[in-house]
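Worksheet: one structure, shown below.
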Amino acid sequence: MAILEVEGLTKKFGGLIANNDISFRVEAGEILGLIGPNGAGKSTLFELLTGFYPPDRGAIRFQGHPIVGLRPDRINRLGIARTFQKLKPFQNMTVVENVMVAAMQHTANPRKARTQALETLSFVGLLEMRNAHAKALSTGQRKRLEMARAMATRPRLLLLDEVTGGVDQRSIPGLIELVGRLRREGMTLILIEHNMQVLMSLADRVLALHLGRKIADGTPTEIQNHRGVIESYLGAAYA
């Protein structure tokens, strides 16, 4: 069953068409990779799916229900959460307090929010850092905190924006393993990732964008051999 259905999604900013008639489906439990050069429309697509921008045209259905026009907080309560490429935790709050803020999307009880936050931090491997201030974390740890904050809102669909971007090579295997654990827990994921080795090892299917349009949709092997993807993004050397 498709957990997410997108039909004809279009978004313009003045004369720029950021997303142009994009359609796709995401099956429950699937990992969909999203690739394309800078300016392809990947982040704009995330903004549309989470309600931060209204589309100019098109439909989005989550678990069979239309969500276009709903506020971001309402879409989050329905079960869609995302991480951001630019990490902006509450710097002077502790790690557990950062996650508690997200957990309070579903409870007004601080004790329950703290319990859920601690469970989530344990899952992402940050439990020992729970009382540290967010500003003291490394980039890799902040990536985990960003995922913990999204997970604390109890999503069924999680949008991950460059999980391994900007982290040192030693941190990448642990982040890959964490994404794999999310999948084994039954989470459906859409993953923007420029590290092709990481993306191809995780994704069941890959959607390629270029200049706001969908140019390919297929298995990792199909995408790596797609002429349009090679020309617009991967390059002849990668091929």
Side-chain angles (χ1 to χ4, degrees), residues 1-5 26 28-31 46-54 60-138 140-163 174-175 177-192:
M1 176 181 290
I3 192 171
L4 181 73
E5 300 169 278
V26 182
E30 184 178 27
I31 297 183
F46 271 20
E47 303 287 6
L48 294 174
L49 296 178
T50 51
F52 284 92
Y53 293 144
I60 306 170
R61 288 185 294 275
F62 177 63
Q63 298 185 110
H65 303 289
I67 61 173
V68 169
L70 299 182
R71 297 193 315 266
D73 63 305
R74 175 61 178 154
I75 291 175
N76 181 247
R77 287 192 182 95
L78 289 174
I80 301 179
R82 67 163 296 184
T83 65
F84 292 85
Q85 180 183 354
K86 295 182 179 179
L87 305 175
K88 295 184 178 180
F90 299 110
Q91 299 274 18
N92 293 316
M93 293 173 63
T94 65
V95 168
V96 69
E97 288 169 344
N98 266 269
V99 183
M100 284 176 65
V101 171
M104 293 184 86
Q105 177 78 307
H106 291 284
T107 179
N109 186 317
R111 183 174 296 177
K112 290 182 179 179
R114 181 177 177 83
T115 297
Q116 184 180 345
L118 292 172
E119 292 174 353
T120 307
L121 288 173
S122 178
F123 185 90
V124 303
L126 282 181
L127 187 60
E128 292 184 358
M129 300 293 293
R130 61 188 178 277
N131 294 320
H133 284 89
K135 62 184 177 184
L137 300 183
S138 67
Q141 290 170 332
R142 290 190 185 193
K143 292 281 187 178
R144 290 174 180 268
L145 176 58
E146 183 77 358
M147 293 174 68
R149 294 200 300 176
M151 290 168 55
T153 66
R154 304 178 188 172
R156 292 198 62 195
L157 172 63
L158 181 57
L159 315 181
L160 299 175
D161 197 344
E162 296 197 33
V163 171
L175 291 169
E177 195 276 333
L178 179 53
V179 174
R181 287 183 63 198
L182 286 172
R183 199 263 186 76
R184 291 192 294 274
E185 291 290 320
M187 189 81 71
T188 304
L189 303 166
I190 302 179
L191 177 65
I192 295 175

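Remember, it's a predicted structure, so these values are computed and weren't measured experimentally.
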Could you report the tightest heavy-atom contact between [X] and [Y], atom names first, then the distance?
| X | Y | value |
| --- | --- | --- |
| Val163 | Leu191 | CG2-CD1, 3.8 Å |
| Ala81 | Thr153 | CB-OG1, 3.5 Å |
| Gly29 | Thr188 | N-OG1, 2.7 Å |
| Lys135 | Arg142 | O-NH2, 3.2 Å |
| Arg77 | His106 | O-CE1, 3.9 Å |
| Met147 | Val179 | CE-CG2, 4.3 Å |

query = Does the pair Asn76 and Thr50 meet the rule for a side-chain contact (heavy atoms from CB on, under 4.5 Å), with working shown?
reply = CA-CA 7 Å; Asn76 181 247; Thr50 51; over 6 Å; no
Side-chain donor/acceptor of Gln141 to backbone N/O of Leu126, under 3.5 Å =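 Answer holds: no.
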request  = Would you check if the side chain of Lys143 reaches a backbone N or O of Glu162 as a donor-acceptor pair within less than 3.5 Å?
outcome  = yes
Kindly check if the number of other-residue, nucleotide or ligand heavy atoms within 6.0 Å of [atom1] ([X]) is above 12?
| X | atom1 | answer |
| --- | --- | --- |
| Arg181 | CZ | yes |
| Arg184 | CZ | yes |
| Glu177 | CD | yes |

To the nearest 0.5 Å, tell me how far [X] [atom1] sits from [Y] [atom2].
| X | Y | atom1 | atom2 | value |
| --- | --- | --- | --- | --- |
| Phe62 | Ile67 | CZ | CD1 | 7.5 Å |
| Leu137 | Leu87 | CG | CG | 10.0 Å |
| Arg114 | Glu97 | CZ | CD | 8.0 Å |
| Leu189 | Ile31 | CG | CD1 | 5.0 Å |
| Leu118 | Met100 | CG | CE | 8.5 Å |
| Phe52 | Ile75 | CZ | CD1 | 9.0 Å |

ask   = Do Leu48 and Tyr53 come within less than 4.5 Å of each other through their side chains, counting heavy atoms only?
value =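 Yes; the side chains approach each other to less than 4.5 Å.
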message = Contact between Gln85 and Ile192 at the side-chain level, heavy atoms closer than 4.5 Å - yes or no?
response = no
Electrostatic pair Arg82-Glu47, nearest N-O below 4.0 angstrom =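 Counted as a salt bridge, because a side-chain N and a carboxylate O are separated by less than 4.0 Å.
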message = side-chain contact (heavy atoms from CB on, under 4.5 Å), that's the test. Do Leu49 and Leu157 meet it? Break it down for me.
response = CA-CA 11 Å; Leu49 296 178; Leu157 172 63; 5.9 Å; no
query = Is NZ or CZ of Arg149 both nearer than 6.0 Å to the six-membered ring centre of Phe90 and within 45° of the ring axis?
reply = yes
request  = Please lay out, stage by stage, how Leu175 and Arg144 fare under the test side-chain contact (heavy atoms from CB on, under 4.5 Å).
outcome  = CA-CA 8 Å; Leu175 291 169; Arg144 290 174 180 268; 3.9 Å; yes
task = Apply side-chain contact (heavy atoms from CB on, under 4.5 Å) to the pair Met93 and Val101, showing each step before the final yes or no.
result = CA-CA 10 Å; Met93 293 173 63; Val101 171; 3.7 Å; yes
